[in-house]
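In what follows, a single structure is set out as structure tokens and then discussed.
One-based numbering along the sequence shown. Just so you know, these numbers come straight off a predicted model, no measurement behind them.
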Amino acid sequence: MSKEKYYITTAIAYTSRKPHIGNTYEVILTDAIARFKRKLGYDVFFLTGTDEHGQKIQQAAEETGISPKEYVDSVAGEIKNIWNLMNTSYDHFIRTTDTYHEETVKKIFKKLYDQGDIYKSEYEGLYCVPCESFFTPSQLVDGCCPDCGREVVPTKEEAYFFKMSKYQDKLMEHIESHPDFIAPESRKNEMVNNFLKPGLQDLCVSRSTFTWGIPVEFDPGHVVYVWIDALSNYITALGYDTENPADNYKKYWPADVHIIGKDILRFHTIYWPIILMALGEPLPKQIFGHPWLLSGVDKMSKSRGNVMYADDLAKMFGVDAIRYYVLSEMPFASDGTITYETIISRFNSDLANTLGNLVNRTVAMCTKYFDGVIPSACTEDEFDKDLKKVCLETVSGVKEKMDKLRVADSLELIMNLARRSNKYIDETAPWALAKDESSKDRLMSVIYNLLESIRIIAVLLEAFMPETAKKIYEQIGGCDTSIESLDAFGSLKAGASVGKAEPLFVRLDEVKKLEEINAFIAKKYPKEEKKEDKKAETPKEEKAAEQITIDDFAKLDLRVAKVLSVEKIEGADKLYKLMVELGDEKRQIVSGLAKHYTPDELVGKNVIVIANLKPVKLRGVDSYGMILAASDADTLSICTLDKDIASGSQVR
């Protein structure tokens, strides 16, 4: 019987620079989903790759003094090495400089032109090179790109345009009739309300002011722009052809899900479906826009100096530990966060103390009490019944969560089963049973149940932490690792021998580890010495009234936040711990408002916060932002709004 197909893709990585851990999260996430689907028996095709054309790359190559092809070969190789290092099981790695891709893109462009969907005109507007996007003056924020905040440049050039409005109503109908087409729900609302309902403008699909791209065959002065070039990778990788598609295309298309970052949602949920409609091809079943992995509370960027790289983190903590961290720490719809301190904390609490300790203790007890031979279960009490119930509930729960792409929730269920198994050890006290010969049958059952719960944990964990699962299998002996073996409790074969009890994860000393990390970073990424500012110092009385520029103000990320809850911090008379909503994100902020407001006076209010303030710890509680307030000698008043504005909105 043929397997049901499952086609899953990442966005292809742009080859302008080495990807940081926030970029790498996407391929790890996609890999976990792909591995789990394979475990369930699906015929999975997992696609990833690199986007290698464009003005930004041409400029970077020129600055480096090499050809664009040499430049992208180097970066694409580095990206592929990182994907491999993080143990991602992709089936194909596409490069948009691959000959088969370039030839098919030329055919796609020609087909769209011949049928009247593309026309030639002239573009004059404001262009952001890093984002490869055009904007109107009204779309700019403080005169800069609304997406990345960088400068835009006036551009005038001849170009080809795609008639987006021709397919707008058809796309709206599709979104309305397929409620899961864009996920999460908040992303769908954003696309419909902000882009589709106001009306689509025709899309620029060629460029004529640079040469690094796929040539338009019938007009050599033009190169195919990113929207048709890069987005088409999802079908060219399968062998799509405008006249005679390959068998792989017929087998796997449409994609079951495109996994992409929320910042490129518009391109994948509006541009890409419309291109497919124009080609007469089916639309992907779902586009999932995952949130960002932030460095503390900030988006990662080289300019902020807060970039972490996957290969460095793997050296510091191990591949599976980083896979676990990024997958478990990222909520379904709101941004996640990563710092060295939080990695160490998760490593110790979840991997060393909970999972590692469970496996090590259990295998060691089996070796000590039964010479390493797995005993059979011959008794059952209420503790046993509850453990078995939690095991089976975890199996069904993980399957249900993964079907909805809720990866972090799935890992939480698995880790909760490990916690429950550790509790079972405390409830049954096998060390006490071992002292009483009359309790041998009971001891046999306890050790068997623990080994079986560990086997279930390992089978479920395999998609997320494949090497760790493999180590667990080796320690608990040759066992059934199929997903079908989880249908009932008790598939572990008694009589087999366990392996040697070895720690899966050794607890880290936070202070020592942070010192090692700082030394590693200082050696690998030495900071450039900054030239001293030779300007004369301004007199003190003038410093207080020093004027700032709009650029200084732009460094502050001021946002509207809705207060969800307020708690008093024990032992701190002035401090509250507030949970606030910033759009899709929830954030904890510590603020000295306790002597001026009751919790009820704050809950529900829209306040102004500095969202990009460096995190601090106040009275042992982490704070990720600051609430703005005004004060005089006796009174403090928080800054609120006189109209109802959506949380997360920027204050300018």
Would you say [X] and [Y] make side-chain contact, with heavy atoms under 4.5 Å?
X    : Y    : result
F181 : E176 : no
F46  : D31  : yes
L313 : I21  : yes
E217 : K110 : no
Q588 : D622 : yes
F267 : L265 : no
L47  : T10  : no
H222 : D219 : yes

Give me the atom names and distance for the closest heavy-atom approach of [X] to [Y].
X    : Y    : answer
W253 : H258 : CH2-NE2, 4.0 Å
I12  : T48  : CG2-C, 4.3 Å
P146 : F135 : CG-CE2, 3.5 Å
W83  : A13  : CZ2-CB, 4.3 Å
P284 : L276 : CD-CD1, 3.5 Å
I108 : S232 : CD1-OG, 3.7 Å

Modelled atom types, side-chain donor and acceptor of N518 and Y340, under 3.5 Å: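 Result is no, nothing qualifies.
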Polar side chain donor-acceptor pair, T96 to H101, under 3.5 angstrom: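 Note: T96 and H101 side chains miss the donor-acceptor criterion.
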Within a radius of less than 6.0 Å around [atom1] of [X], do more than 12 heavy atoms belonging to other residues, nucleotides or ligands occur?
X    : atom1 : answer
M626 : CE    : no
K262 : NZ    : yes
K605 : NZ    : no
Q115 : CD    : yes
K188 : NZ    : yes

Below 4.0 angstrom, N of the basic side chain to O of the carboxylate: do [X] and [Y] qualify?
X    : Y    : answer
K106 : E103 : yes
D51  : R95  : no
D256 : K285 : yes

Intermediate values then yes/no, side-chain contact (heavy atoms from CB on, under 4.5 Å), I627 and I608: CA-CA 6 Å; I627 295 173; I608 308 298; over 6 Å; no
Any donor-acceptor pair under 3.5 Å from [X] side chain to [Y] backbone:
X    : Y    : result
Q168 : L200 : yes
T155 : V153 : yes
N193 : N189 : yes
S649 : I645 : no
R207 : Y225 : no
S16  : I57  : no
K163 : G116 : yes
R323 : Y25  : no
N612 : D557 : yes
R559 : I610 : no

Criterion side chain to side chain donor-acceptor pair (under 3.5 Å) on E52 and T97, from CA distance to verdict: CA-CA 6 Å; E52 303 187 10; T97 53; 2.7 Å; yes
To the nearest 0.5 Å, tell me how far [X] [atom1] sits from [Y] [atom2].
X    : Y    : atom1 : atom2 : answer
S647 : E581 : OG    : CD    : 3.5 Å
I322 : I28  : CD1   : CD1   : 8.5 Å
N233 : T104 : CG    : OG1   : 11.5 Å
K56  : F210 : NZ    : CZ    : 12.5 Å
L628 : L558 : CG    : CG    : 6.0 Å
F288 : E26  : CZ    : CD    : 10.0 Å

Pairing residues for Y240 by the ring pair (Phe, Tyr, Trp, His ring centres under 6.0 Å) criterion, not counting sequence neighbours: Y249
H53: ring pair (Phe, Tyr, Trp, His ring centres under 6.0 Å) partners, not counting sequence neighbours: W212
Distance flag, aromatic centroids of H268 and Y234, threshold under 6.0 Å: yes
Centroid separation Y119 to Y160 less than 6.0 Å: no
Trace of the side-chain contact (heavy atoms from CB on, under 4.5 Å) decision for V72 with K69: CA-CA 5 Å; V72 296; K69 186 63 167 66; 4.2 Å; yes
Parallel, tilted or perpendicular, as decided by the 30° and 60° cut-offs, for the rings of Y525 and Y309: tilted
Partner of W227 under ring pair (Phe, Tyr, Trp, His ring centres under 6.0 Å), chosen from W272, F162, F109, Y271: Y271
side-chain contact (heavy atoms from CB on, under 4.5 Å) between I338 and E329, intermediate numbers included: CA-CA 8 Å; I338 184 168; E329 195 66 24; over 6 Å; no
R187 vs E190, salt bridge (Lys or Arg N to Asp or Glu O under 4.0 Å): CA-CA, chis, key distance, verdict: CA-CA 5 Å; R187 310 268 189 261; E190 179 187 345; 5.1 Å; no
side-chain contact (heavy atoms from CB on, under 4.5 Å) between E122 and K156, intermediate numbers included: CA-CA 7 Å; E122 190 175 73; K156 182 177 181 179; 3.2 Å; yes
For I260, the option from D263, V257, I264 that meets side-chain contact (heavy atoms from CB on, under 4.5 Å):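 Considering D263, V257, I264, a side-chain contact (heavy atoms from CB on, under 4.5 Å) with I260 is found only for I264.
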